[in-house]
There are 2 protein chains.
Amino acid sequence: MKQQNIFHDAGIRETPIRKAILSIFETSKTPLSAQDIESHTKLATLHPDTVTIYRTLETFCDAGIIRRIELQEGKFRYELEQEHHHHIVCLSCGKIQDIHDCIDEQTQRRIKKETGFTIQRHSLEFFGICADCRTA
Amino acid sequence: MKQQNIFHDAGIRETPIRKAILSIFETSKTPLSAQDIESHTKLATLHPDTVTIYRTLETFCDAGIIRRIELQEGKFRYELEQEHHHHIVCLSCGKIQDIHDCIDEQTQRRIKKETGFTIQRHSLEFFGICADCRTA
DNA sequence: ATATCTGCAAATTTTTTGCAAAAAG
DNA sequence: CTTTTTGCAAAAAATTTGCAGATAT
């Protein structure tokens, strides 16, 4: 199946709001909250309702277009579903950077064996102080 | 300094509500949400206000008595600050179990080096299906 | 045309803030 | 008796639900 359109492929309709939100994710360097999306300039002319943002995020998650993460902020953030990775967050300025290290397969096998759980996914997030904030 | 009283040691006052909440944590096998605390039987006779629960949790966190975690539920959970560990959550029944595996020191050093961040803490949570739910 | 999507209104859930009365040390 | 803690009232922030009108295909 040739991928011509991410919306058609996911079996959902292509609308101006969805195209704008997808484009926001495609150009964002960090995971975004529902608020980040709503206040993004690319949505300025469409000014979708808050509810529509939440519903779009849920639809995109269900379609496997984006992924939902938590960074100890008491809210969710979302980012494009892409190669597996994690994050490191600066506790001083809030900067979020991707991490490509992960727990090894061997450890996951041990966890499965010891707990009896099958593992579907995991989260791994680091919190610290970035170089800029340390020198500032 | 001999530890006679966790409250005195933390420089906070010992009150019936705080003693009850501490005792709830001490006997709980899983991390608890603010709601879990509020509806716990041990608080039935004291029936503290919701605000007091939240303020107590914050005070306990600041005092290093408990730790705040997120398990992709859109709310916080809290557990006694004890030996470093992580969790595995059953996506079917919600069961939360402790994990004592962790990312290795070598990986953390690499992350520090590659990102320039100093690392203060990290979260590592697994999500899957427990044995009971698989056989049921 | 018909199924899907969006907006509006309203509500729910989680958490926070301000102030005065109550309790701890 | 002074400082800290609690309750009450209120609000903020994040997210969800129902329904009717608008839009995509």
Side-chain angles (χ1 to χ4, degrees), chain A residues 4-24 30-40 42-63 65-79 94, chain B residues 4-24 31-40 42-79 94:
Chain A
Q4 351 181 67
N5 183 302
I6 196 170
F7 300 112
H8 297 177
D9 293 352
I12 63 174
R13 292 184 176 177
E14 179 176 63
T15 70
I17 291 175
R18 286 180 179 171
K19 283 199 278 188
I21 294 180
L22 177 60
S23 139
I24 290 170
T30 55
L32 303 166
S33 67
Q35 255 316 309
D36 292 337
I37 298 289
E38 186 165 15
S39 57
H40 196 284
K42 285 187 179 172
L43 285 177
T45 52
L46 296 165
H47 46 77
D49 196 88
T50 308
V51 189
T52 301
I53 308 286
Y54 279 102
R55 280 195 278 231
T56 304
L57 292 172
E58 189 185 17
T59 302
F60 281 13
C61 279
D62 292 349
I65 297 169
I66 59 174
R67 168 211 329 269
R68 192 164 76 152
I69 65 168
E70 275 182 327
L71 298 177
Q72 314 234 63
E73 301 168 297
K75 67 182 172 190
F76 291 108
R77 285 182 180 266
Y78 304 81
E79 65 181 355
Chain B
Q4 351 182 64
N5 183 301
I6 196 169
F7 300 111
H8 297 179
D9 294 351
I12 62 174
R13 292 185 177 177
E14 179 177 62
T15 70
I17 292 175
R18 286 182 178 167
K19 284 199 277 188
I21 295 180
L22 178 62
S23 140
I24 290 170
L32 302 166
S33 68
Q35 255 315 309
D36 293 337
I37 298 288
E38 186 164 15
S39 57
H40 196 284
K42 283 186 180 173
L43 286 177
T45 52
L46 296 166
H47 46 76
D49 196 88
T50 308
V51 191
T52 301
I53 307 286
Y54 278 101
R55 280 195 278 230
T56 303
L57 292 172
E58 190 186 16
T59 301
F60 282 13
C61 278
D62 292 347
I65 297 169
I66 59 173
R67 168 209 331 269
R68 191 165 77 153
I69 65 169
E70 276 182 327
L71 298 177
Q72 314 232 62
E73 301 168 298
K75 68 183 172 192
F76 291 108
R77 283 182 181 266
Y78 304 81
E79 64 182 355

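No experiment lies behind these values; they were computed from the predicted model shown.
Cation-pi check for Arg68(A) over Tyr78(A) is not met; the charged atom does not lie both under 6.0 angstrom from the ring centroid and within 45 degrees of its normal.
Within the 4.0 Å cut-off from OP1 or OP2 of dT6(C), at least one side-chain nitrogen or oxygen of Arg18(A) is found. Close to dT4(D), at under 4.0 Å from its OP1 or OP2, lies no side-chain N or O of Thr15(B). For Tyr54(A), no side-chain nitrogen or oxygen approaches OP1 or OP2 of dT16(D) to under 4.0 Å. One finds no side-chain N or O of Thr50(A) lying less than 4.0 angstrom from the OP1 or OP2 phosphate oxygen of dA14(D).
A donor N or O paired with an acceptor N or O is found under 3.5 Å between the base of dT3(D) and the side-chain atoms of Arg13(B).
A straight line from CD of Glu38(A) to P of dT6(C) spans 14 Å, rounded to a whole angstrom. At whole-Å resolution of the value, CD1 in Ile12(A) and C1' in dT6(C) are 14 Å apart. Atom CD1 in Ile37(B) sits about 17 Å away from atom C1' in dT13(C), given to the nearest Å. Going from atom CZ of Arg68(A) over to atom C1' of dT15(D) covers 10 Å, rounded to whole Å. When the P atom of dT15(D) is taken as reference, atom NZ of Lys75(A) falls 8 Å away, rounded to whole Å. Atom CD1 of Ile53(A) is separated from atom C1' of dT6(C) by 11 Å (rounded to the nearest Å). In this entry the distance linking CG of Asp36(A) with P of dT15(D) reads 11 Å, nearest Å. Atom CG of Leu46(B) and atom P of dA23(C) are 12 Å apart (whole Å).
The side chain of Arg55(B) lies closest to dG18(C), out of dC8(C), dG18(C), dT15(C). The side chain of Thr52(B) lies closest to dT6(D) when the candidates are dA9(D), dG7(C), dT6(D). Relative to the side chain of Val51(B), the nucleotides dA24(D), dC19(D), dT17(C) differ in distance, and dT17(C) lies closest.
The backbone N or O of Gly74(B) sits less than 3.5 Å from a side-chain atom of Glu70(A), completing a donor-acceptor pair. Between the side chain of Thr56(B) and the backbone N or O of Thr52(B) there is at least one donor-acceptor pair closer than 3.5 Å.
Taking both residues in full, the closest heavy atoms of Cys61(A) and Arg67(A) are given as SG-C, 4.4 Å, listed atom of the first, atom of the second, then distance. In terms of heavy-atom proximity, Ala20(A) sits nearest to Lys42(A) at CB-O, 4.1 Å.
Along DNA chain C, the nucleotide closest to Gln35(B) and the one closest to Thr56(A) are compared, and the more 5′ of them pairs with Thr56(A). Between Ile17(B) and Gly74(B), the residue whose closest nucleotide on DNA chain D is further toward the 5' end is Ile17(B).
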